[in-house]
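Take a look at the structure below.
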Amino acid sequence: MTILRFLEICLTGIGAWALVMLLYRLFLMPAKRDFMPLVLPVKGGADSVEGRLRWACWQARMGGRYGVLYILDCGMGEETAQICRRFARENDNVVIGDMQALERRIAGEDDCNGEKSVVY
């Protein structure tokens with residue numbers, strides 16, 4: 001019976017810690033002021049692109065370091081481009097572009113905090 005009580009106390013402690021960390025990330029984490037994308041290069045007809053997109057989008061949202069998932073077009077196929085465009089429409093923190101557009105955004109030449117980016 002004491003082992004069950006010990007496990008109950010441990011699991012309650014882990015749950016409380018997870019709740020505190022979730023609340024910290026939601027309310028107390030400083031706002032992302034700089035454009036710091038998580039860049040996911042996509043080339044050709046990647047078979048597992050949707051799984052990679054979901055993982056990277058989760059990293060961009062919950063990772064705490066990144067605010068945007070930037071899909072870098074390195075010559076992706078038409079079917080892959082359609083999947084990426086659909087994914088970008090469904091998620092507000094996903095942007096598709098090429099290397100020159102990424103360089104302009106990092107250099108601050110594009111207005112990153114203005115209107116929503118156009119996804120082609």
Side-chain angles (χ1 to χ4, degrees):
M1 192 57 102
T2 59
I3 294 176
L4 291 177
R5 180 64 66 189
F6 175 74
L7 288 175
E8 182 181 354
I9 291 171
C10 288
L11 290 176
T12 303
I14 291 170
W17 176 79
L19 180 64
V20 167
M21 292 305 295
L22 176 71
L23 291 174
Y24 170 76
R25 284 187 175 179
L26 287 176
F27 298 112
L28 299 177
M29 187 170 278
K32 297 171 186 76
R33 292 186 178 93
D34 297 329
F35 177 70
M36 186 173 182
L38 173 61
V39 179
L40 179 67
V42 179
K43 180 178 181 180
D47 295 334
S48 62
V49 72
E50 191 161 1
R52 290 174 52 205
L53 286 172
R54 292 193 186 285
W55 174 83
C57 188
W58 180 83
Q59 286 290 325
R61 282 192 181 151
M62 302 305 256
R65 294 185 305 247
Y66 311 106
V68 174
L69 169 60
Y70 192 90
I71 301 172
L72 183 61
D73 185 356
C74 297
M76 63 178 115
E78 184 57 36
E79 183 180 351
T80 304
Q82 288 177 354
I83 293 170
C84 291
R85 284 192 294 265
R86 178 180 48 86
F87 194 80
R89 280 192 305 270
E90 293 173 359
N91 299 286
D92 60 342
N93 67 329
V94 177
V95 178
I96 301 174
D98 56 1
M99 185 59 106
Q100 290 80 19
L102 178 61
E103 288 173 355
R104 284 193 310 268
R105 289 194 72 175
I106 290 175
E109 295 173 10
D110 287 348
D111 185 16
C112 298
N113 299 323
E115 298 178 17
K116 191 171 182 178
S117 298
V118 177
V119 178
Y120 65 95

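Since the model is a prediction, treat every value here as computed from it, not as a measurement. In what follows, every heavy atom counts, from backbone to side chain, and hydrogens, waters and symmetry copies are set aside.
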### Summary
Residues Tyr70 and Ala101: closest non-hydrogen pair is OH-CB, 3.5 Å
### Message
How long is the straight-line distance from CZ of Arg52 back to CD1 of Ile71, given to the nearest 0.5 Å?
### Response
10.0 Å
### Task
Check whether any side-chain heavy atom of Leu69 sits under 4.5 Å from a side-chain heavy atom of Asn91, and report yes or no.
no
### Single-linkage hydrophobic cluster Met99~Val39, side-chain heavy atoms < 4.5 angstrom
yes
### Task
Applying salt bridge (Lys or Arg N to Asp or Glu O under 4.0 Å), name anything that partners Arg54, two or more places apart in sequence or on another chain.
Glu50
### Query
Leu40 and Ala56: which non-hydrogen atoms are nearest, and at how many Å?
CD2-CB, 4.2 Å
### Task
Under the side chain to side chain contact (heavy atoms under 4.5 Å, CB included) rule, what do Met76 and Val49 come out as? Steps first, then yes or no, please.
CA-CA 10 Å; Met76 63 178 115; Val49 72; over 6 Å; no
### Query
Residues in side chain to side chain contact (heavy atoms under 4.5 Å, CB included) with Gln100, at least two apart?
Asp98, Arg104
### Query
Roughly how far, to the nearest 0.5 Å, is the CG atom of Leu7 from the OG1 atom of Thr12?
10.5 Å
### Message
Let me confirm one number: the CD1-SG distance from Ile96 to Cys84, rounded to the nearest 0.5 Å.
### Response
5.5 Å
### Query
How long is the span from the OG1 atom in Thr80 to the CG atom in Asp73, to the nearest 0.5 Å?
10.0 Å
### Message
Check this for me: Glu79, atom CD, are more than 12 non-hydrogen atoms of other residues, nucleotides or ligands nearer than 6.0 Å?
### Response
no
